[in-house]
Peer 1: 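Once you've had a glance at the structure underneath, I'll fire off some questions.
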Number of protein chains: 2
Amino acid sequence: MPDSGKEITIYDIAEKLKVSAATVSRALKDHPRVNKNTKKKIIKAAEEMGYRSNSFASNLRRKNSNIIGVIVPRLNSSFMSDVIAGIEKVVNDNNYNLIISQSLETMKKEISNARAMLNNRVDGLLVSLAYDTTSIEHFEPFIKRNIPVLFFDRIFEHEQYPQIYIDNFKAAYEVTKHLLEQGCKRIVHITGNQLRNVYAERLRGYKKALEEHQIDFDGQLVIINDLSAKEAAVAAETILQMDPLPDGIFTVNDVSAVSCIQVLKKAGIKIPEQIAVAGFNNDPAACVIEPNLTTVNYKGYEMGEVAANMLINHLANRQDLQQTHSLILRSELIIRESSRRK
Amino acid sequence: MPDSGKEITIYDIAEKLKVSAATVSRALKDHPRVNKNTKKKIIKAAEEMGYRSNSFASNLRRKNSNIIGVIVPRLNSSFMSDVIAGIEKVVNDNNYNLIISQSLETMKKEISNARAMLNNRVDGLLVSLAYDTTSIEHFEPFIKRNIPVLFFDRIFEHEQYPQIYIDNFKAAYEVTKHLLEQGCKRIVHITGNQLRNVYAERLRGYKKALEEHQIDFDGQLVIINDLSAKEAAVAAETILQMDPLPDGIFTVNDVSAVSCIQVLKKAGIKIPEQIAVAGFNNDPAACVIEPNLTTVNYKGYEMGEVAANMLINHLANRQDLQQTHSLILRSELIIRESSRRK
DNA sequence: AAAATTTATGCAATCGATTGCATAAATTTA
DNA sequence: TAAATTTATGCAATCGATTGCATAAATTTT
């Protein structure tokens, strides 16, 4: 039974076994230069005495932490919690630890989170940017110290920072093209802050599809908001006031799409007959709303796994981050009833 | 511009300013026994030189980590990601850091997570138990070391561990009572592993309500599964085979309820007329499914905040954990169309 | 049997911040 | 002006694990 009074250290084990602390240290990490029997004895004693390695002492000496930091806008979105789950899985399987913080969509908090991560001497950082982040200076101290910073999903184009994302341009292009092919002529696009690649790229894709179908881009049809359910409901009311009514809506997330559909249905609009709707993300709710929502499937869990693997492989020197600077994951358009007009 | 070669320490600052490291250390944490001007100079120099405190050294010396550990079954459920978001908020506002890991619903992983948390010398631990955890021995090392462990939601009754949860018995009782009042006589109950308080208590509440309405408990009507959408669909098929058909379903999570409703509707069952349905959690999908789902609202974000606050207050000696051993949060029945028969 | 090599262990410095105790300097009180 | 007090700073030990270098012991080679 371990003594509850005081934490056991390698010195305690050393003393008990009449060996040096150095030998204990080596034995516990299976260093080849320790006699098999000694090793066995030490491991047994450590077990019996309830020894737990002090990672602070170890990290201090070794100058690395085995900690991966994660900064995301919010933890409680369907997509992000999938990403985090994927990251956690990989990180944990590789004997790293995970420190997580959320920027709550503000650059200010993101900066303070980054400082904390630096103090905690993370070995690497995974970041998805806040809604209003305009610069990434706050990650420079990491680069200076040679700590890899990897952006995912909400990225920032920059030589120094590898990135993982999907082809938002293409995905949005395909969504819009699909809507056009269903006969839509006036498609409202609900999107977020154009600072963020994901939203800017999707707008580009939307425009490109219109262009190919010889439809003039109409700025009036683009609504920019914070992508919450609440704002989407407001947007839907705006849409109801439009004259003529649009015949399609492409929102950049499913939360907005669902919220819109609910308002429009309540107003007596037939979906997809009068207005076809498509979202983005394939949230669970996409298969619950009636009609089921056409959307872009985009596996968060997988993105988390890939991002974490890439970082850890790099840390283990198994992979050069600069070499695989950008990684583009697959996404797919899923057509459901909310946009299908035959 | 900070030198990129080497990490700046208090010794570097001390040398540059011709003071001792002790003074630098004190100045940086605003110790009263340092001259104002000296302080100012030191803080300025630290800033200029790009000094970042090494938390390992500091933690090693101070013997605490400012880290809160969290172990949950899964990160990617609507409820749990809300809880985590709440925890992160409070933890971050109090200058603690958050280490998170998921047990993936197995006791084995939970044990290994607990070991890692111990090595990381967390100051306190927040835990929601895995599906199949039968013993909590693996948390004893924390108690021995006087590290508080607090259970939330999926708790384990034990003197040493304070806990935060909702009154599952009462909530389930009210749900069932409500269904009975809508005229239901044969209510199927879909629930999870009875090892877990949340599910056992809800079954108790279900039984209690039946009893009060002089309806005999029928074991055939209780379905135990893993509460996934998939298993719920299977359960719904089973229900469709029942003869006579039940006239009510009470599932212990909304994911199951939604999945059931979808299957039942497809089979032509009218909800709530033929079968009234109620869930638990008030997931976002509850307001998306048609008919909208009657459920128990149960604020995850708040539970996370409360749990983290309780732990941190205790760590700051502002509160004795033993004193507030159990904290029961409020939950409320939300009646929607899926069960309303007038 | 001596020399060379291999194996096993220990010594002691190091990582960087903290803090009890001592002391010097400045200020107040008698 | 001397004594007492307050303020400011430094010394040096400490937290626990790691690791380069040295050395002793065992084994192999000549």
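Order of the sequence lines sets the chain letters (A, B, ...), proteins ahead of strands, with each chain counted from 1. All heavy atoms count here, side chains included; hydrogens, waters and symmetry mates do not.
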Peer 1: Checking side-chain polar atoms at under 3.5 Å, does B:N120 have a donor or acceptor matched by the opposite partner on A:N97?
Peer 2: yes

Peer 1: Answer yes or no: side-chain N or O of B:R61 and base N or O of D:dT14 forming a donor-acceptor pair under 3.5 Å.
Peer 2: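 Donor-acceptor pair under 3.5 Å: yes.
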
Peer 1: Verify the distance criterion only: is there a donor paired with an acceptor across the side chains of A:S65 and A:D123 at less than 3.5 Å?
Peer 2: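 Yes, a side-chain donor-acceptor pair sits under 3.5 Å.
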
Peer 1: Does A:Y11 reach a base, just sugar-phosphate, or nothing at all? Heavy atoms under 4.0 Å.
Peer 2: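 A:Y11: base contact, heavy atoms under 4.0 Å.
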
Peer 1: Just checking, any donor-acceptor pair under 3.5 angstrom between side chains of A:Q163 and A:H325?
Peer 2: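 On atom types as modelled, these side chains do not qualify, holding no pair under 3.5 Å.
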
Peer 1: Mark up nucleotides 5-10 of chain C, 5' to 3', with B wherever a protein heavy atom is under 4.0 angstrom from a base atom, S wherever such an atom reaches only the sugar-phosphate, and - elsewhere.
Peer 2: --BBBB

Peer 1: Take the protein atom CG of B:N120 and the nucleotide atom C1' of D:dA17, then report the distance between them rounded to whole Å.
Peer 2: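 Distance check: B:N120 CG to D:dA17 C1' gives 15 Å.
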
Peer 1: Rounded to the nearest angstrom, tell me the gap between atom CD1 in A:I8 and atom P in D:dG16.
Peer 2: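 In whole Å, D:dG16 P and A:I8 CD1 are 11 Å from each other.
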
Peer 1: Over how many whole Å does the gap from A:N54 atom CG to D:dT18 atom P extend?
Peer 2: 10 Å

Peer 1: Which nucleotide in the list D:dG16, D:dT18, C:dT18 gets nearest to the side chain of A:K29?
Peer 2: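 Looking only at heavy atoms from C-beta outward on A:K29, the closest nucleotide is D:dT18.
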
Peer 1: Counting the atoms with a prime plus P, OP1 and OP2 as sugar-phosphate, which does B:T9 contact under 4.0 Å by heavy atoms, base, sugar-phosphate, or nothing?
Peer 2: sugar-phosphate

Peer 1: Out of D:dT19, C:dG16, D:dA17, which has the shortest distance to the side chain of A:S58?
Peer 2: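 The nucleotide sitting nearest to the side chain is D:dA17.
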
Peer 1: In whole angstrom, give the distance that lies between atom CG of B:N66 and atom P of C:dA17.
Peer 2: 16 Å

Peer 1: Measure the distance from CG on A:L60 to P on C:dC15 and round it to the nearest whole Å.
Peer 2: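 It works out to 9 Å between those atoms.
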
Peer 1: Side chain to side chain contact (heavy atoms under 4.5 Å, CB included) with A:R26: which of A:V34, A:T38, A:I10, A:I42?
Peer 2: A:V34

Peer 1: Are A:F139 and A:F156 an aromatic pair by the rule of ring centers under 6.0 Å?
Peer 2: no

Peer 1: Dot-bracket for DNA chain C, please, read 5' to 3', with Watson-Crick or G-U wobble pairs under 3.5 Å on both distances, ( ) within the strand, [ ] crossing, | other strand, . unpaired.
Peer 2: ||||||||||||||||||||||||||||||

Peer 1: Atom CG of A:N119 to atom P of C:dG16: distance rounded to whole Å?
Peer 2: 14 Å

Peer 1: Between C1' on D:dT14 and NZ on B:K63, what's the gap in Å once rounded to a whole number?
Peer 2: 9 Å

Peer 1: Going by side chain to side chain contact (heavy atoms under 4.5 Å, CB included), A:I68 matches just one of A:L150, A:N94, A:I100, A:L311. Which one?
Peer 2: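 Exactly one option meets the side chain to side chain contact (heavy atoms under 4.5 Å, CB included) with A:I68, and it is A:L311.
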
Peer 1: Taking atom types as modelled, is there a side-chain donor on A:T23 or A:S20 under 3.5 Å from an acceptor on the other?
Peer 2: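 There is such a pair (donor and acceptor under 3.5 Å, judged by atom type) between the side chains of A:T23 and A:S20.
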
Peer 1: Rounded to whole angstrom units, what separation is found between the CG atom of A:N59 and the C1' atom of C:dA17?
Peer 2: 15 Å

Peer 1: Checking B:I67 against B:R121 for the side-chain contact (heavy atoms from CB on, under 4.5 Å) test, could you report, in this order, the C-alpha distance in whole Å, the side-chain angles of both residues, the deciding distance, and whether it holds?
Peer 2: CA-CA 8 Å; B:I67 294 176; B:R121 297 293 197 276; over 6 Å; no

Peer 1: Side-chain contact test, heavy atoms from C-beta onward, threshold under 4.5 Å: evaluate it for B:K89 versus A:L104 and give yes or no.
Peer 2: yes

